[in-house]
Structure formats: structure tokens, C-alpha cells
*Asks:* 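My structure is below; once you've seen it, I'll send some questions.
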Amino acid sequence: MKSSAIAHSNIALIKYWGRSLDHNPNLNIPSNDSVSMTKYGLTHDVHLQTHTTIDFSDAYEEDMAILGGEVLTGRKMERVLGVVDPLREYANVDYKFKMMSKNDFPTRAGLASSASGFAALAIAAVNALGIDFSKEEISTYARLGSGSATRSIHGGFVYWNKGNSHETSFAEQICGPDEFDMNAVVAIIHEGKKDVTSDVGHESAYTSPFNEARIKKSQEQAKEIRKAILNDDFSEVGKIAEENCKYMHAVMMTSNPPLFYWHPETLKLIKSIQRIRKEGLECYFTIDAGPNVHCLCASDDICEFQRMLEEIECVNKTILLKPADDSYVTKEHLF
Ligand code: PMV
């Protein structure tokens, strides 16, 4: 019972930050709807994807998960089991498993490795166990590992309904990768691991006095941005995404304890993007739980925009992105 999958990462345009207090925190049911672009890295060796193989067999005496050569233990293993255990239960299988997974990009650098990781795990496990699920149903199991993974099951532009139960908190596609013209350049200013993972950060959102306002606005903006994507309105999508990113970081910075994911260079880049935009090249920024900046632009402008970003002293490297296709099952196994 072996299967493998490749899943892409995603960049949130409307952010998920904080779990709903009305549900078991292990379900990762968010406090607001969110929207993202599933991303495909155009650099020859970095596509921002995870390749995972999982095998269920009575030959294994215990569950084992290996990510990039590291045998997972503690909270990391707990999160893998958070996806696999309910699927094993659903399929009525009690075999142990071996899982092996590798990312083609650095983990924990704000490039959303948990999104592609748990999406790949959910797809591979569902397929290995022979469960007949729709993509929406698979997305609910990816969510049990990491909230943002819910959206990585689909390609293109994706809407995650917050829902109010395990079954109703799922992601659906807004449109495919070729139906809305938006690309991005990731400006990498720092590749080290961040101090506080988003898994832990979600717990502190409620301590910010601005969180209620962020939840209310995000709920409205999720619907507005979906409409703007379907209307092919890049300017509107960019403006809403930038606003929403600032709301999330305002909450992070005003939480207790405060979370400052930005580095001084992050602000420098924000200022540069504002300047480039003023000079006539339309672009917008968004930043996840890390210091690196995703710069959104139209596909025709991506090379010009990359050149301008690479001229900025603090930019170590750039990764070009376009919307990815759906994540998928592959016959290529890692073991
Ligand atoms: O899926 P998590 O727990 O890694 O949370 C993701 C949080 C953000 O990346 C900051 C926002 C988002 O919606 O992806």
C-alpha cells in the first residue's frame, strides 16, 4: 500500500492567522476564510514543492516519518499522525507506515513548507489507503497537519471556507492557473529558521486588541478578492492582498508575546516596492510568517521586476513564481 505525491506550496493573499476558539485546536479550523495562489517556482532547481512517499504495511513495527533525512519526533511527528491517524481510521486499516518526504526549498523560511508538506502527505496517504475522496475532502485532512495545506491541494487560485466543523472547513478552487494573470518574485533576504513557527504563532493572535477587527475585515476581503480574481482585476487583487498582509502583521506585532517576523530589510523592500509602483510598474507586496517578501506582479513584467529587485542591496536572491497546477499523485517513489 505505497503511494507518492507532489504538492506545491502557496502564498496567502488573504491570511489565515489564528484558529477558531470554538473548536478543538487540533482541527485547525481558522477564524476567517482565506485565499491563496498555489505557487510554482520557475527557478530550474526550486519549484517550491514537496515530494512524499508513504507505505502502509504489516512489515513495519512502528510508524516512522523522515523529512529531508531527519527522523521526525515530538511535535513534528504528532502533526504527521494528526493527518494519518484519522485516515487510517476512516479506511479501517491498522498497518504501521513509513513516510519519506523532501522539499526542494528551505523549510521554515516563510516559504510555506508545511503547506506543500501536509498537502503531499494527505494526497499520498489517501491514495495509498485506497480512499475515494474528492479534492475538497482531501483538503480537510491536509488541514489537520497545517491550516495552509488545506489550500495546496488545488492549483491556481484557491478559497478556504473557514466552516464550522471538520467536514465544512475545506478549500475549493476559484480559478485555474491560466485564468488569472498574476506572478510573483520572492525576494529572499534571510534564509535562516524563524524563532516562532506559525503553528505556535496562531495561539497568540487572540491576545492582540486588533484581532477582532482583522477577522471581520479578512472575512469581507476574502469575498472581495475572490470577486476581483474572477473579474480579472489585478490592481484590486494586489491592493486587497497588501492591506490584508498589513492587518496580519499588525496583529502579530501587538500580540503577547509580540511577534516581529520582519527584519529591517523587510521594511526596506516594502519601501522599494512602493517606489517602483510610483514610478509606473504595478506591483504589490505580501509577507507570511517570515522576513522574506513576495512581490506580486503581472507575468509580462516579471523579468523587469526581478531585475529591479535584484539591484536592491539587501536582496540575497530571488525566486520567480507562477500559479501552479493541482498537486498530484506520482509513480516516482522515494523508497
Ligand atoms: O499553515 P500554517 O499553520 O503554517 O499557517 C500559515 C500562516 C500564514 O502563512 C502566515 C498565512 C497563511 O494563510 O498561509
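Both counts, for ligands and for their atoms, begin at 1 and track the order of listing.
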*Asks:* Check Lys223, Lys217, Arg151, Lys162 against Asp33 for a salt bridge (Lys or Arg N to Asp or Glu O under 4.0 Å) and give me the one that passes.
*Replies:* Lys223

*Asks:* Which option wins on minimum heavy-atom distance to atom 3 (O) of ligand 1: His202, Met252, His249, Met248?
*Replies:* His202

*Asks:* Might you work through the side chain to side chain donor-acceptor pair (under 3.5 Å) test for Ser204 and Thr207, ending with a clear yes or no?
*Replies:* CA-CA 6 Å; Ser204 65; Thr207 61; 5.0 Å; no

*Asks:* Just jot down the ligand 1 atoms closer than 4.0 angstrom to any heavy atom of Lys15, in number order.
*Replies:* 13 (O)

*Asks:* Within the supplied structure, the quantity of interest is the number of heavy atoms (other residues, nucleotides, ligands) at a distance under 6.0 Å from Asn24 CG; does it exceed 12?
*Replies:* yes

*Asks:* Within the 4.0 Å heavy-atom shell around Gly147, which atoms of ligand 1 are there?
*Replies:* 1 (O)

*Asks:* What atoms of ligand 1 come closer than 4.0 angstrom to any heavy atom of Ser198?
*Replies:* 2 (P), 3 (O), 4 (O), 5 (O)

*Asks:* With a distance cut-off below 6.0 Å to the six-membered ring centre and an angular limit of 45° from the axis, does Lys2 pair with Phe335 as a cation-pi contact?
*Replies:* yes

*Asks:* Hydrogens and angles aside, do Ser9 and Ser116 bring a side-chain donor and acceptor to less than 3.5 Å of each other?
*Replies:* no

*Asks:* Touching ligand 1 at all, Ala289? Heavy atoms, strictly under 4.0 Å?
*Replies:* yes

*Asks:* Show me which atoms of ligand 1 lie under 4.0 Å from any heavy atom of Ala12.
*Replies:* 12 (C), 13 (O), 14 (O)

*Asks:* Below a 4.0 angstrom heavy-atom separation, can you tell me which part of Ser148, side chain or backbone, both or neither, approaches ligand 1?
*Replies:* both

*Asks:* Compare Trp160, Phe118, Tyr16 and give the one whose heavy atom is closest to atom 8 (C) of ligand 1.
*Replies:* Tyr16

*Asks:* With no hydrogens and no angle check, just 3.5 Å: does a side-chain donor-acceptor pair link Ser299 and Asn183?
*Replies:* no

*Asks:* Using non-hydrogen atoms of the residue, decide whether Ser114 is closer than 4.0 angstrom to ligand 1.
*Replies:* yes

*Asks:* Under a 4.0 Å heavy-atom limit, does Arg151 contact ligand 1 with its side chain, its backbone, both, or neither?
*Replies:* side chain

*Asks:* Is Arg307 salt-bridged to Glu304, cutoff N-O under 4.0 Å?
*Replies:* yes

